[in-house]
Each structure stands twice: as structure tokens, then as C-alpha cells.
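Structure first, then comments.
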Amino acid sequence: MKRRQILAIFAALALAVSSSVLLTGCAGKSYYFKAVVQPDGTVSYENMGEITSSSPAAAESTATEIVPETPQSSAEESSEAPAESSEGEESKADRDESILAVIKFEKPEDWDGSALCLRVYDDDSNNNTPGGQTMELGADGLYFVNVSKVASSGNEFNNPHFIFLCTTESGKVVQSEEGNITGDATYSVTKDGRKYLLNQV
């Protein structure tokens, strides 16, 4: 007896979502049955008649189909989220602590780029770079050199000055005016008689 009551309770719970069911007969007709829970826990079905297009049961039968949306997990959302693009952003490496400044130079057309040097010297004659540092051609079309904080003597520059040294296509040795190194800078020269005046770009 207890087993029948338990089964009846489960059946009642299963029908709690909907108080009615639709059954289709052999002749293709649909009938409306109402589920009724008896006092003893059993469930009986009461025939409410044939379903027509105008009956409330027909409206119910056409409105009960619901397609649930499948929620997306947070992992899927995060995988579909566009990643931040780093294209076009150049990573700036930390400057070497031994570098005093980066000097760039717009070379005149008649100066030989393969013989272009930057000579750095200090008020103290012991702090200099005899012969100069060879300048290299950069991707931007400018010649450049990384000036070290330390002179070839091993001492740090206190008040560094510089000149550009080169030879012309005719083999003549030329040099620019003197400049002072106060940080990164780009320079050019303008010929004035025998002198090459220094300009900061």
C-alpha cells in the first residue's frame, strides 16, 4: 500500500508543472484530459472532451513549447572576447645605464658616411675619445651613435662636448662646430665658408 502511495505522489509531482495532458486518438482526434489528485494520493484523469481550434486547450497546446536558451559559460565569453592588440605599439626597452645620450646626424650629401665619426671630449683633457666613435646608419635614414657616460680613460664625463668628423667625397677632412651634450638630440650642419655650422634639428 505504501508503495502505491509513493508512486502516486511521484506521479502527482510530475504533473505539477502542467495540470492537463493531451492525448491523440487513433482517428487523429485530440482529447483534453484533466489530471485530478484523489484524497488517497492516487491520480485519475477526467475526459474534458475533444479539442477544437477554438477551445482553450488548443491555445494551451500551441503555447507550451518553449526553447530554452543555452547560457554561455564565462570561459566561452572570455575566449570570444577580442584580445587587446599590441600591433603598432613598439616595446621600449630600458636605456642602458651606461649610455649618456644618443646623438643623431643628418649627413651632408658630400660627406662620406663610412668615415663619419663623433668625437666626444671633456673640459678635462683626460676625458676624451681620441679619433671619435664611428656613427652608424639607422632605419630612419639618420646616422647615430650611443655616447657612453665613461670616456676611454675610464672616467665619467663631467661637461661633455662633441664635434662631427668626416671626409668629403674629394678626400678632404672636415669637421663641425663644437656642440654640448645635454641629452638625446639630432643635428645637421650648414656650410659657411670653410666652417660647418652646427644646427639642432
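Any value given below was found using the heavy atoms of this structure, including those in side chains, with hydrogens, waters and symmetry copies removed. If you read the sequence from its start, that first residue is 1, and numbering goes on from there.
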Quiz item: Which is it for Val189 and Phe105 under the side-chain contact (heavy atoms from CB on, under 4.5 Å) test, yes or no, and what are the steps along the way?
Solution: CA-CA 9 Å; Val189 290; Phe105 183 57; 3.8 Å; yes
Quiz item: Are Leu118 and Leu165 in one and the same hydrophobic cluster, where Ile, Leu, Val, Met, Phe, Trp and Tyr link if side-chain heavy atoms are under 4.5 Å apart?
Solution: no
Quiz item: OG/Ser188 to CZ/Phe164 distance, rounded to the nearest 0.5 angstrom?
Solution: 9.0 Å
Exercise. Report the distance from atom CG of Leu100 to atom OG1 of Thr182, rounding to the nearest 0.5 Å.
Key: 9.5 Å
Extract all donor-acceptor atom pairs below 3.5 Å that involve side chains of residues 132-141 and protein atoms in other chains or at least two apart in sequence.
from: Gln133; atom 1: NE2; to: Asn146; atom 2: O; distance (Å): 3.3
from: Asp140; atom 1: OD1; to: Leu142; atom 2: N; distance (Å): 3.1
from: Asp140; atom 1: OD2; to: Lys104; atom 2: NZ; distance (Å): 3.0

Self-check item: Reported CZ-to-CG distance for the pair Phe162 and Leu198, which is rounded to 0.5 angstrom
Solution: 5.0 Å
Quiz item: Taking the inter-plane angle between the rings of Trp111 and Tyr196 on a 0 to 90° scale, is it parallel (under 30°), tilted (30 to 60°) or perpendicular (over 60°)?
Solution: perpendicular
Self-check item: Co-membership, hydrophobic cluster, residues Leu116 and Val174, 4.5 Å side-chain
Solution: yes
Quiz item: Same cluster or not: are Val102 and Ile163 linked, directly or through other Ile, Leu, Val, Met, Phe, Trp or Tyr residues, by side-chain heavy atoms under 4.5 angstrom apart?
Solution: no
Quiz item: Hey, are the side chains of Val201 and Tyr187 touching, using non-hydrogen atoms and a 4.5 Å cut-off?
Solution: no
Quiz item: Taking only residues at least two apart or on different chains, which pairs with a member in residues 161-180 satisfy side chain to side chain donor-acceptor pair (under 3.5 Å)?
Solution: Tyr121-Glu178, Asp123-His161, His161-Asn180, Thr168-Ser170
Practice problem: List the atom of Gln200, the atom of Ala185, and the distance in Å for their closest heavy-atom pair. | Solution: NE2-CB, 3.7 Å
Exercise. Report yes or no: does Asn128 contribute a side-chain atom to a donor-acceptor pair with the main-chain N or O of Ala151 at less than 3.5 Å?
Key: no
